[in-house]
Structures are given as structure tokens and as C-alpha cells.
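Shown next, in C-alpha cells, is the structure this report addresses.
Whatever order the structure lists them in is the order used to number ligands and atoms, beginning at 1.
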Amino acid sequence: MAQPLEKTIYIGPFVHCESLAELDVCPNGMIGVNEEGKIAFILRSIKGRRFPNGEGWEEAKIVRIQDHGFFFPGFIDTHIHAPQYPNAGVFGKSTLLDWLNTYTYPMESSFSNLEQAARIYNRVVARTLSHGTTTACYYATVHVPATNLLADICQSRGQRAFVGRVCMNRMSPDYYRDESVESAVRDTKACIEHVKQIDPLFDLVTPIITPRFAPSCTPEALSAMGRLHHEEQVPAQTHISENKAECELVAKTFPSHKSYAHVYDSAGLLTPRMILAHAIHLSPEERTLIKNRDAKISHCPASNTALTSGTAPVRDMLNEGLTIGLGTDVSGGYTSSILSETREALFVSRHVAYNTGKDEAKLSVEEALYLATRGGAKVVGLENRIGGFEVGMDWDAQMVGLAGVGDTIGIDQSAGPVEIFGQESWEEKMAKWVYTGDDRNTTAVWVKGRLVHSREGFKP
Ligand SMILES: O=c1[nH]c(=O)c2nc[nH]c2[nH]1
Ligand SMILES: [Zn+2]
């Protein structure tokens, strides 16, 4: 069982995204977090004792930022395949459809073995927490016991998670697929029931309907998942328009449908609670349909580069009013770090700018951080609870440590490569973190006020 929480005051600089283009930096403030793990008050100055009197805040625990660090909202990974984690970095020169057969299906099928699932799922949750990922949208596999185990592990390690049993009943190997639409529905329901048992209010863990992608589901399977999405009132996730050969396959296998997006729409899956990963090759009509349905987009730039899938037109989609977050898409993506994904999003946007001649396609550091936090929160439907620092929100946060180098000559490898010389503005510090930082800068991580990861040497 998790330790009961105590009132805690977090003191020091805090930074979060005010809007897509703007960071809000408070250079020295206080955030009070109550026993429910919610932000009870925010003071933008540490002078005076103006926190609420008579509520026991005088005796609250204090957590202070050291050196050049700051508090930042936890990252939200809106698309990650937990069972593919052992393959991170292993993709050769493959592209989506051959990558699935060569690397992915053989690995995922091994999760019929619960010992394998326990080993890998514990690792992936621990690792993503160490990168500051406080919320993750996981694809598991077709296996019910292993999927339920992933939900248990997220809950016991304290990571906010959406956990989906993958539905796939065709165009995948005989050794790894759902036997029938009926068995896919039964097994999906079994996973939903399991989460209802361990977290009845879906406070930390939420089940998510997960048809893999249109090619691997018959129209009947997609419609059955659409019905479950509505009946069970739980969110849904899938892939869309990632790779040109995949798009051609969808056009061939769903000849009566106007488009890839229309395939999901006609199955009742294009809703405000649907998360669509990739969305690279959508037509303007499809983007309009997605916008009108208020379905959400997970942008996965590392994966899109690794599998030579393409460059998603993020600026255009933002201008059109689509809601976008970031996804690592492990192991199409090589990294389980949303900080790295932020950097990838910045670089991919520069390739789009170069290739289209439109300079405005470039994302700024602030915009990429917005996608990693507030944008992700909107994608998972939790914008009122996570993604920023506001009274009433949950304390899903990370303490970022940036080493000052001072006059030292030696390299302290444990501090990581970010070098702060002291003249940097806050804007520059954030850019240095994004472009040169890694998990050595993630000093401590909290979800709903609970400490879920800390680096050696962190004193709570
Ligand atoms: O990036 C991806 N990863 C997957 O596992 C997958 N399955 C279908 N389409 C996919 N795309
Ligand atoms: Zn994926």
C-alpha cells in the first residue's frame, strides 16, 4: 500500500506552460500540496508567511530546489507500446509493415509468458517514471493476464496510466492474433473489469479500448470496439495514417470507405475520447473530420523518423485547431523519454520548414514543452487535473536539477551534460534542458503528491 501523504510545501522556482507559446516562470515561489496530492495554494513569492493560516501548513514538510533547478509538470506520453520496450533502438532500416513482422509481433507474442511480462513491464514503468513521465497511454498485447499485470504495476508503482489490451483479428501472424470478434470483445471486457476492480474510479489507472490499426481489424472487430467504447464510456486509442503503404492497404481493404479517418468514424471510433497516433499523411478532409469529431492526435516524431514514416505537419494541424500531444511510440521510437521526444519534435518541425519553405512550421521550445504537458493532458482528457500548476490540480510534477559548473574544470558525469554558467535567462535555461538534458536532470518525480521516483542523493 502507498504511504499516506502529508502536507508538503515545494519551494523554489517553478515553470509551466501558460499557453502554447508562453511559459510562466516563477523564479522563487511556493506550492502547497495537501494530503490528497492536490495543489492547495500557490504563492509567487517566498517573502512573508502568507500561506493559509490554521490549516496546519506551518508544520508541513518542505521540499526545496537546490542550485539551478526548478519544478516542472510531469510529462505525458500519449502513445507507448510497453511490450516493445526490449526492442527500443532495434529497427534497422525497416519501415512500418516489415518492422511489425520482423521485430514487433515476435516480441509482443512472448507476453503470453507472465514472467516475461512482469520483468519487462516493471522495467518500462520504472524507466518512464525516471524520465519524468507521470502519465502514459500504454498499448499492451492481446494477452489478458499480461495486460492486467501492466495495470497492476502502474498502480503499485504510482504511475498514472491508460492501459489497453490490443485488439487485432487479421493480417497478423497466426501465432499472434485474436481468434474472433467475440473473443476480442470478451478479452477486452475482461481487462476493463480488472481495472474496475483495482481502481474503481479510474483515479490512477484507466482502461482504454485499443484496436491496433485498421489493417489488423476486420470491420466487424472495429465496430465491436466502437460499441464497447460507447457502452463502457472508456477512452480509445489507435494508429492512423503513419506510412504510405499502410494507407494504400487501408484503401484496398476498406474500398467502400472515403478515407482512413472515415473507416474509424463509421465504426463509431472517431470521438473526443479517441487518441490517434501519427496522423502524418491525412488529407485536409480527414483533418477536418477529425477536428469536427474532436478526436485527439499523438505526435510521435522519433518513431516517424526511425521508421521513415514521414514528417507530420504539426504547425498546420495546430493552426487548424487540432489537439496534439507527444508520444514516444516505443519501439517504433527509440526513446522512452518525453524530453528526448520534445527535441525530436523540434527537429522534425525544422525539416518540415525546410521541405515546405514555410519558416513558421518550426516549433519553439515553449511550444514543444506545451505539447509534452498541457497538450498531452488535453489529449488524454485530463486537462483539469494535470499538465500545469494550478490550485485544485494534482501534483504530478518533476524536480529538474541543472548543475552549475562554476569554476570547476573536471566533468561530473553524474550531473549530466547540461552546463549552466550563470548568465542564462530562464528561456535559455529551458532551451539548454530540452536540447542537452536527460534523465540525470530528473531529480525527483511525483504523481498525485506521491514520490514515485528520485535520483540517488535526493533528500525528500
Ligand atoms: O508505430 C506503430 N507501432 C505499432 O506497434 C503499430 N501497429 C500498427 N501500427 C503501428 N505503428
Ligand atoms: Zn504505436
**Asked** Would you say the ring centroid of Phe347 lies under 6.0 angstrom from that of Tyr435?
**Response** yes

**Asked** Does the separation of the ring centres of Trp395 and Phe71 fall below 6.0 angstrom?
**Response** yes

List every atom of ligand 1 that sits less than 4.0 Å from any heavy atom of [X], numbering the atoms from 1 in the order shown and giving each element.
X      : value
Leu100 : 4 (C), 5 (O), 6 (C), 7 (N)
Phe213 : 8 (C), 9 (N)
His81  : 3 (N), 4 (C), 5 (O)

Note: [X]-[Y] ion pair, threshold 4.0 Å (strictly below):
X      : Y      : result
Glu390 : Arg374 : yes
Arg160 : Asp394 : yes
Asp396 : Lys448 : no
Glu320 : Arg287 : yes

**Message:** Is it the case that the side chains of Tyr139 and Glu108 hold a donor-acceptor pair, with the cut-off being a distance below 3.5 Å and no angle test?
**Reply:** no

**Prompt:** Quick one: do the Thr78 and Ser298 side chains pair a donor with an acceptor below 3.5 Å?
**Reply:** yes

Any N/O of [X] closer than 3.5 Å to an N/O of ligand 1?
X      : value
His79  : no
Glu108 : no
Arg212 : yes
Thr104 : no

Please determine whether [X] has a backbone or side-chain N, O or S atom lying under 2.8 Å from the Zn ion (ligand 2).
X      : result
His81  : yes
Glu242 : no
His239 : yes

**Close approach of Trp99 to ligand 1, heavy atoms, under 4.0 angstrom** = yes

**Asked** Can you find a non-hydrogen atom of Glu246 under 4.0 Å from ligand 1?
**Response** no

**Prompt:** Tell me: protein heavy atom nearest atom 1 (O) of ligand 1, and distance?
**Reply:** Asp329 OD2, 2.6 Å

**Fill in**
Ranked by distance from atom 11 (N) of ligand 1, the top protein heavy atom is Glu242 OE1, 2.7 Å

**Prompt:** Name of the Asp329 N, O or S atom nearest the Zn ion (ligand 2)?
**Reply:** OD1

**Asked** Are Thr135 and Ile386 close enough that some pair of their side-chain heavy atoms sits under 4.5 Å apart?
**Response** yes

**Request:** Would you mind reporting whether Thr141 and Tyr176 have side-chain heavy atoms less than 4.5 Å apart?
**Result:** yes

